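Inspection log for the structure reproduced underneath, given as structure tokens.
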Amino acid sequence: MTAALLLRRMPWITRLGLLLVLLFAFLAAFGPWLAPYPEAEPVADVWQPIGTAGFPLGTDTLGRDMLSRLLFGAQRSIGLALVITVLSFAVGSVCGFLAAIAGGWADQVASRIVDVFMSFPALILALLVLSVMGSSLPVLVLTLAFIDGTRVFRLARAVAVDLNVMEFVEAARLRGEGIWWIARKEILPNALPMLLAEFGVRFCFSFLLISALSFLGLGIQPPAADWGGMVKDNAQAIAFGLPAPLLPAGCIALLTISVNLVVDFLLDQASRRSRRG
Amino acid sequence: MLLQIENLRIDGTDVDGNSVEIVKNVSLEVDRGQVLGLIGESGAGKSTIGLAALGYVRPGCHFAGGSVRLDGQELVGAPVGQLLDIRGRRVAYVAQSAAAAFNPAHRLLDQICEVHRRHGLGPRAAAERFAVELFGKLGLPDPERFGQRYPHQVSGGQLQRAMTVMALITKPDLVVFDEPTTALDVTTQIEVLAAMRRAIREQGAAALYVTHDLAVVAQMADRILVLRHGAAVELGETRQILEQPREDYTKALVSVRRGEHERHGGHERSVVLAVDRVDAAYGAQQVLFDVSLRVERAATVAVVGESGSGKSTLARVITGLLPPRSGQVRFGGEVLSNDLAGRSKEQRRRLQLIYQMPDVAVNPRQTVQEIIGRPLTFYLGMRGDALRRRVKDLLARIELPAHFADRFPGELSGGQKQRISIARALAAEPELIICDEVTSALDPLVADEILNLLLRLQEESGLSYLFITHDLATVRAIAHEVVVMQRGRVVDSGAKDEVMAPPFHDYTGKLIRSVPEMRTDWLDEVLAGRA
């Protein structure tokens with residue numbers, strides 16, 4: 001299916017979502033260059049309202065430019081969430097597929113280990129690891145990727161178990177194909193729509209988890225800007241009737257919604273295609 | 001007139017969002033006490049017309065014109081409240097898969113009486129009494145307590161009858177049967193057909209009977225409407241349609257169902273496959289008992305039996321998917337390892353399998369080129385141009401154009417997908433192909449083409465087939481030898497002409513007599529014979 005055809009079929013709401021996703025991607029890529037002020041330096045009085053001359057989105061709790069921090073934060077928050085999600089899918093889905101195809105004790109061992117980790121709430125587990133190991137970027141990324149990876153493993157395994165009993169997989173097995181070929185050529189293409197949908201959701205979750213950790217002080221460390229941390233820094237402004245924390249919170253919400261709009265559409269298309277014939 | 005459909009047109013949208021006509025100007029009438037059979041291949045619009053009698057169209061479709069009147073009341077465009085009142089109470093629907101229609105979490109009686117309650121037709125006790133009466137009429141065991149069971153506790157045939165009870169519980173004027181016996185095997189089908197026919201006659205209800213099987217509709221219907229591509233082809237009395245069809249399409253349908261194929265050529269006498277005294281089990285349950293059979297080169301051996309007779313399990317043992325408990329499988333002179341892992345690539349190549357359901361037998365996310373090309377690369381090491389040329393050759397052999405190589409299975413019809421499965425098996429240049437019910441998921445005309453293709457390929461390349469089927473017409477058409485199985489044992493075997501001609505072995509005879517024949521009074525004769 002060509003991209004043009006896909007675009008033509010999109011309802012306006014999906015197009016809007018796609019537009020916003022592309023906009024966020026652009027800001028994440030070039031944010032630091034677009035920012036009018038530096039990330040960490042106070043440049044004006046604290047909590048200037050929106051529309052102040054020179055500071056279109058106002059300033060924050062330390063008098064730093066809100067717009068600039070949002071742009072720096074975009075790169076860090078979105079980039080990190082993307083890296084974490086990609087990592088977790090690469091590891092989680094490969095392990096899930098192999099466990100499902102291999103079956104037997106290999107599957108049992110892998111699944112029970114994952115069960116153990118799934119029994120801890122993600123946030124608690126992340127807090128535990130980060131407070132023991134100290135919050136550095138590599139530790140943060142690997143921890144969250146691992147936690148997410150266990151969730152992806154569950155899904156990938158469940159989908160692959162269903163596909164594994166299909167006759168085309170049996171045919172491949174009868175032919176003598178190896179486990180890796182079956183995972184890559186028979187299972188993966190059929191599991192892709194499901195994984196894609198999950199990717200959208202997981203991306204949003206890991207984005208929110210980073211934000212939550214930053215909000216709790218264990219995620220991205222100040223003075224580096226990220227959207228979750230910015231909500232926390234400016235939380236008290238609400239008490240004075242200032243909308244400062246709503247700006248990063250709104251960005252988080254908007255990104256989550258637009259990613260899901262696009263994912264919903266893709267999922268719908270995928271299910272239509274497999275229904276055909 | 002009870003049901004009057006005039007110039008009905010129903011449009012739908014395909015995947016690409018284009019409008020398609022599903023039903024084109026179809027008119028029909030059914031009066032009380034009458035059964036009208038709607039017959040045609042899949043895509044003929046017969047189910048859509050059946051549903052239209054309930055004033056319903058599937059999501060994505062809409063009424064584009066015409067009228068559907070029940071006792072003079074217009075259903076097309078009627079308010080939803082009015083339709084809900086009619087559905088289930090005055091017009092009932094019996095779907096193809098009873099297993100999918102019942103909720104597994106509730107007892108049968110609760111589900112059956114729900115319609116009665118929702119339409120406020122009186123106290124539940126009365127409905128229960130009537131349900132029990134209907135259970136008895138439909139020949140269900142222990143009618144008093146049958147309703148207390150859950151759907152998984154009864155057989156497929158019983159569940160289908162329970163669904164008929166569900167439809168009849170409100171004493172509807174019209175019952176729409178949508179392929180209600182397609183999922184059943186032949187011996188069960190007879191009992192269900194007889195029970196349904198008796199029940200609608202006693203209630204004085206009218207019925208629309210949707211099916212693709214002429215012989216089945218011959219037992220049920222007073223008149224038959226033949227449909228093709230959404231348009232009416234021929235309407236007539238059942239006897240006239242069967243004996244003097246006027247339209248070419250109807251003639252083709254009738255002659256395919258009568259199933260006459262020619263048998264070709266002689267063949268050498270070397271044994272390709274020998275199964276010796278095989279016992280097999282799933283866990284503690286033994287499924288195969290002391291099964292032996294032989295397949296000669298360039299010959300076709302048909303394994304027949306109803307569902308549960310162990311014929312598919314036999315295929316799993318031969319292919320190595322299920323290691324037998326005892327006994328052995330010899331192939332081309334070598335003893336095959338019991339499990340798949342112990343077999344060489346060469347052994348696997350020479351023994352191929354074609355599946356029943358083409359929809360799940362080919363990977364929907366691979367192109368035809370990839371599907372057919374993989375065995376060529378895997379077994380024969382073909383790549384690049386040679387590979388592409390060979391795929392093109394194979395497509396030509398299965399009578400599909402070369403440009404199909406770039407298509408996905410979703411863009412092919414059921415018959416075309418089955419051809420792709422055949423090509424994938426052929427690509428390995430096998431000596432024996434196991435065909436597991438390869439035609440049972442296909443429309444009769446398409447199934448016929450597939451059988452002809454298999455016969456032609458056998459003539460061209462001296463292939464042997466082990467043909468697993470429950471359809472005796474197929475056996476007559478293609479087998480040289482027949483092995484009859486019942487409950488995991490071989491009960492009868494030999495050359496086709498001996499097995500399929502009198503005097504019959506008891507069970508073989510029962511199977512043969514269970515196949516509906518294309519005469520209107522066949523069912524009565526069988527039932528009389530059994531009594």
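The chains referred to below are lettered A, B, ... by the order of the sequence lines, with proteins before strands, and numbering in each begins at 1. All figures in this text were calculated on a predicted structure; none of them were measured in a lab.
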Over all heavy atoms of both residues, which pair between A:P189 and B:R365 is shortest? Give the atoms and the distance, please.
-> O-CD, 3.1 Å

Using a heavy-atom distance cut-off of less than 4.5 Å, which residues of residues 174-182 of chain A contact chain B?
-> A:L174, A:R175, A:G176, A:E177, A:W181

For atom CE of A:M166, decide whether the heavy atoms of other residues, nucleotides or ligands shown that lie under 6.0 angstrom number more than 12.
-> yes

All heavy atoms of B:P364 vs all of A:F168, minimum pair found to be CD-CE2, 3.6 Å

Please look at B:T319 and chain A and tell me whether the side chain, the backbone, both or neither of the residue comes under 4.5 angstrom of a heavy atom of that chain.
-> both

Residues that B:R228 engages under side-chain contact (heavy atoms from CB on, under 4.5 Å), provided they are two or more places apart = B:V233, B:Y249

Qualifying salt bridge (Lys or Arg N to Asp or Glu O under 4.0 Å) pairs, either residue in residues 76-97 of chain A, two or more places apart | A:E39-A:R76

Hey, does the side chain of B:Q366 reach the backbone of A:K185 with a donor-acceptor pair shorter than 3.5 angstrom?
-> yes

Top residue by heavy-atom pair count (under 4.5 Å) with chain A, among B:Q352, B:R374, B:R343?
-> B:R374

Using a cut-off of under 4.5 Å for heavy-atom pairs, which of B:V362, B:L351, B:I371 has the most such pairs with chain A?
-> B:V362

A:F205 atom CZ, neighbour heavy-atom count above 12 within 6.0 Å = no

Under the 3.5 angstrom rule, does the side chain of B:N363 hit a backbone N or O of A:E186 as a donor-acceptor pair?
-> yes

Scan the side chains in residues 146-162 of chain A for donor-acceptor partners under 3.5 Å anywhere in the protein, sequence neighbours excluded, and list what turns up.
unit_1	atom_1	unit_2	atom_2	d
A:D148	OD1	A:R202	NH1	3.3
A:T150	OG1	A:I147	O	2.6
A:R154	NH1	A:D115	OD1	2.5
A:R157	NE	A:D107	OD1	2.6
A:R157	NE	A:D107	OD2	3.3
A:R157	NE	A:S111	OG	3.3
A:R157	NH2	A:D107	OD2	2.9

What pair of heavy atoms forms the shortest contact from B:R348 to A:R173, and how long is it?
-> NH1-O, 3.4 Å

